[in-house]
Amino acid sequence: MATSLNQKTYTISEFGTKMGLSAPTLRYYENEGLIKPQRHSNGHRYYTQDDVRWLKFLKHLKGTGMSISDLKQYISWREQGDCTIPQRLALLKSTKNNFLQQFADIQHHLQILNDKINWYEAKEAGLTSEKESFADYLHRLGHHE
DNA sequence: GTTCTCACA
DNA sequence: TGTGAGAA
């Protein structure tokens with residue numbers, strides 16, 4: 001009975017709005033085998049709560065850098081059963097490592113941006129030597145590039 | 001992932 | 001006239 005309240009379904013446009021994706025993108029994902037919506041007798045697709053959960057999960061994987069083909073590979077292994085868990089684990093760990101590296105790169109970009117802001121503010125306040133370059137400043141802080 | 005054309009209500 | 005499907 002608790003489930004009867006969660007039987008809401010969505011048209012492709014409703015689902016797209018809810019998930020933050022366009023209808024064409026949802027059709028594209030379906031063609032790639034990422035999602036398998038049901039069909040009404042008139043051929044129109046409809047999406048369920050299960051599709052909401054599944055796509056949310058896929059968006060997380062994609063958000064950490066997995067490509068469409070990576071997702072297809074993951075799904076393929078998933079459909080083959082538990083014997084492919086080692087492969088899935090390897091793919092997820094690889095994805096994680098790549099993401100961690102990108103995350104570190106982005107943090108570094110932010111670090112340099114903040115250093116530059118501080119450098120200008122110190123300069124404006126006359127708290128820094130007129131002769132010290134930004135590069136020297138970074139070196140003094142132990143930051144690089 | 002996007003754009004375009006066609007069908008249906 | 002708006003929504004959705006399928007092809008390019």
Side-chain angles (χ1 to χ4, degrees), chain A residues 1-125 128 132-145:
Chain A
M1 189 178 278
T3 58
S4 64
L5 294 175
N6 284 55
Q7 291 308 124
K8 177 168 177 46
T9 62
Y10 306 85
T11 64
I12 192 169
S13 61
E14 291 174 334
F15 190 63
T17 297
K18 183 175 181 57
M19 296 295 104
L21 296 173
S22 69
T25 294
L26 289 173
R27 296 191 188 101
Y28 171 66
Y29 280 10
E30 182 179 345
N31 284 333
E32 295 301 312
L34 272 43
I35 48 181
K36 318 275 181 22
Q38 304 285 293
R39 298 277 182 149
H40 282 124
S41 52
N42 62 3
H44 286 21
R45 299 172 177 79
Y46 67 92
Y47 300 78
T48 67
Q49 214 51 49
D50 283 341
D51 295 316
V52 172
R53 298 194 193 88
W54 175 240
L55 188 54
K56 277 185 179 177
F57 175 60
L58 290 185
K59 288 189 68 175
H60 282 305
L61 293 184
K62 196 162 188 307
T64 54
M66 281 181 71
S67 63
I68 296 295
S69 61
D70 283 338
L71 293 173
K72 289 170 71 173
Q73 176 63 275
Y74 177 83
I75 290 170
S76 171
W77 279 329
R78 186 173 180 276
E79 292 172 338
Q80 291 173 48
D82 289 355
C83 64
T84 65
I85 286 180
Q87 290 95 311
R88 279 180 263 169
L89 214 38
L91 174 58
L92 295 179
K93 287 182 177 179
S94 172
T95 297
K96 177 182 175 179
N97 288 333
N98 288 328
F99 181 72
L100 252 25
Q101 183 56 61
Q102 294 180 199
F103 191 63
D105 290 344
I106 290 175
Q107 287 183 132
H108 190 207
H109 294 327
L110 178 60
Q111 172 81 87
I112 301 301
L113 176 62
N114 278 140
D115 288 343
K116 191 68 172 183
I117 288 172
N118 293 333
W119 183 74
Y120 273 125
E121 292 186 333
K123 188 184 186 68
E124 191 174 50
T128 185
E132 185 179 45
S133 70
F134 181 53
D136 292 336
Y137 177 69
L138 289 182
H139 186 268
R140 179 158 64 79
L141 267 45
H143 302 166
H144 300 292
E145 296 160 39

Discussion item. Below 30° counts as parallel, above 60° as perpendicular, anything between as tilted: where do the rings of A/Tyr137 and A/Trp119 land?
Written reply: tilted
Response to the item:
Scanning both residues in full, the closest heavy-atom pair of A/Met66 with A/Leu91 reads CE-CD2, 3.9 Å
Practice prompt. Please list, in 5' to 3' order, the outermost nucleotides of DNA chain C lying under 4.0 Å from any heavy atom of chain A.
Written response: C/dG4 to C/dG6
Discussion item. Distance under 4.0 Å to a non-hydrogen atom of chain A counts as contact; along DNA chain B, which nucleotides mark the start and end?
Written reply: B/dG1 to B/dT3
Worksheet item: Judged by atom type as modelled, is there a donor-acceptor pair below 3.5 Å linking the side chain of A/Asn114 to the main-chain atoms of A/Gln111?
Response: no
Worksheet item: Does the side chain of A/Ser76 pick up a donor-acceptor pair with the side chain of A/Gln80 at under 3.5 Å?
Response: yes
Worksheet item: Above 12 or not: heavy atoms from other molecules or residues under 6.0 Å from NE2 of A/His108?
Response: yes
Worksheet item: Just wondering, are more than 12 heavy atoms of other shown residues or ligands nearer than 6.0 Å to NZ in A/Lys116?
Response: yes
Practice prompt. Take the angle between the ring planes of A/His40 and A/Tyr46 and call it parallel below 30°, perpendicular above 60°, tilted in between.
Written response: parallel
Worksheet item: Ignoring hydrogens and geometry, is there a side-chain-to-backbone donor-acceptor pair from A/Thr84 to A/Gln87 under 3.5 Å?
Response: no
Worksheet item: When you measure from every atom of DNA chain B, which of residues 10-30 of chain A have a heavy atom less than 4.0 Å away?
Response: A/Ser22, A/Pro24, A/Thr25, A/Tyr28, A/Tyr29
Worksheet item: Are A/Leu92 and A/Leu61 side-chain neighbours, meaning at least one heavy-atom pair lies under 4.5 Å?
Response: yes
Item to complete: In sequence, state the C-alpha distance, the side-chain angles, and the governing distance for A/Asn98 and A/Gln102, and then conclude on side-chain hydrogen bond (donor to acceptor under 3.5 Å, both in side chains).
Response: CA-CA 6 Å; A/Asn98 288 328; A/Gln102 294 180 199; over 6 Å; no
